[in-house]
Amino acid sequence: MWNKKKVSVVFPAYNEEKYIKTAIEDFFSTGVVDEIIAVDNKSKDNTAREIKKTKAVYVLEKTQGYGAALQRGLKETTGNIIIMAEPDGTFLGKDVFKLLDYCDDFDVVLGTRTSKSLIWENAKMNWFLRIGNVVVAKLLEYLHNGPCLTDVGCTMKLIKKNALKKIIEKFTVNGSSFSPEFMILCLKNKLETVEIPVNYAQRVGESKITSNFWKSFKLGIVMINLIIGYKLGYKGKK
Ligand SMILES: Nc1nc2c(ncn2[C@@H]2O[C@H](COP(=O)(O)OP(=O)(O)O)[C@@H](O)[C@H]2O)c(=O)[nH]1
Ligand SMILES: [Mg+2]
């Protein structure tokens, strides 16, 4: 609970058997997280079994993808305040306090992983990923009239339930470019939004989304197309 409000956390999880149980325990250990929804997409490893060892709610989503898993998780939450993160060791449970501190004044608190001093040694944030995220975030900021934005790929975010209701039926992205769509929809729907730095640590287990240069590069192009497409009207629900 945070100021008498129920706090839910959503974890998308695909083949995360190595760390998901620890991540769930870490976030619950903050004492403010009331509910964790872990959304699996038929992982091939023991992710499901590891989730079921914990107090988290296990959800199996049929549509494959990072965006599909997060959309499903958001719909399953029962809290007034919802936080998204990844169960792969990169995000720290204690950073929920940073996000929560801003939610008196804002509907949406976005994390950014590009603040140098919070990028841990061996975290997967090389110069290309860092500059790429900043540049694409600036495009989003300027085209969609955002606050200062420096990351388009950070899963760690907070949204209040009342604000989520305004955008939940508007998502179109089931894949890896869900984050910028979430950000654009927040801005288009006039949700009060701010971005703050979060810790970004070394990943446990294998990356599925930005595992190599070309995958990251292609994702960047897809994100740029989405950001311009929303501005020109050829992306997004009519
Ligand atoms: N349920 C589900 N989760 C996914 C899928 N793809 C990625 N994820 C999760 O989304 C998060 C981000 O993916 P990750 O592999 O960490 O990409 P990276 O952060 O770019 O290295 C992790 O928690 C993954 O387990 C998917 O298809 N389904
Ligand atoms: Mg990750």
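The first residue of the sequence shown is numbered 1, and numbering continues consecutively from there.
- Residues D151 and R113 are paired through a salt bridge, judged by an N-O separation under 4.0 Å between the basic side chain and the carboxylate.
- Ring geometry for Y230 versus H144: interplanar angle over 60°, hence perpendicular rather than tilted (30 to 60°).
- Within 6.0 Å of NZ on K215 lie more than 12 heavy atoms contributed by other residues, nucleotides or ligands.
- Tested against F182 for a side-chain contact (heavy atoms from CB on, under 4.5 Å), the candidates V173, V152, I167 yield a single pass: I167.
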Derivation and outcome, side-chain hydrogen bond (donor to acceptor under 3.5 Å, both in side chains), residues K124 and S211: CA-CA 9 Å; K124 201 172 48 60; S211 49; over 6 Å; no
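- Annotation for Y102: atom OH does not count as buried by contact number, only 12 or fewer foreign heavy atoms lying within 6.0 Å.
- By the side chain to side chain donor-acceptor pair (under 3.5 Å) test, N199 pairs with D95, W120, sequence neighbours left out.
- Around the NZ atom of K188, the shell of radius 6.0 Å holds no more than 12 heavy atoms that belong to other residues, nucleotides or ligands.
- Atom NZ of K18 has 12 or fewer heavy atoms from other residues, nucleotides or ligands within 6.0 Å.
- Contact of the V32 side chain with the V96 side chain is registered, since non-hydrogen atoms from C-beta on lie closer than 4.5 Å.
- With sequence neighbours left out, E35 forms a side chain to side chain donor-acceptor pair (under 3.5 Å) with S8, T78.
- Of the possible donor and acceptor atoms, none in the side chain of S115 sits under 3.5 Å from a partner among the backbone N and O of P197.
- Ring geometry for F171 against F178 counts as tilted: the plane angle lies between 30° and 60°, on a 0 to 90° scale.
- Salt-bridge check for K208 with E16: passed, with a basic side-chain N closer than 4.0 Å to an acidic carboxylate O.
- Using a 30° and 60° split on the angle between ring planes, F27 and F11 fall in the perpendicular class, above 60°.
- In the hydrophobic clustering (ILVMFWY side chains linked at under 4.5 Å, chained through shared members), M1 stands by itself.
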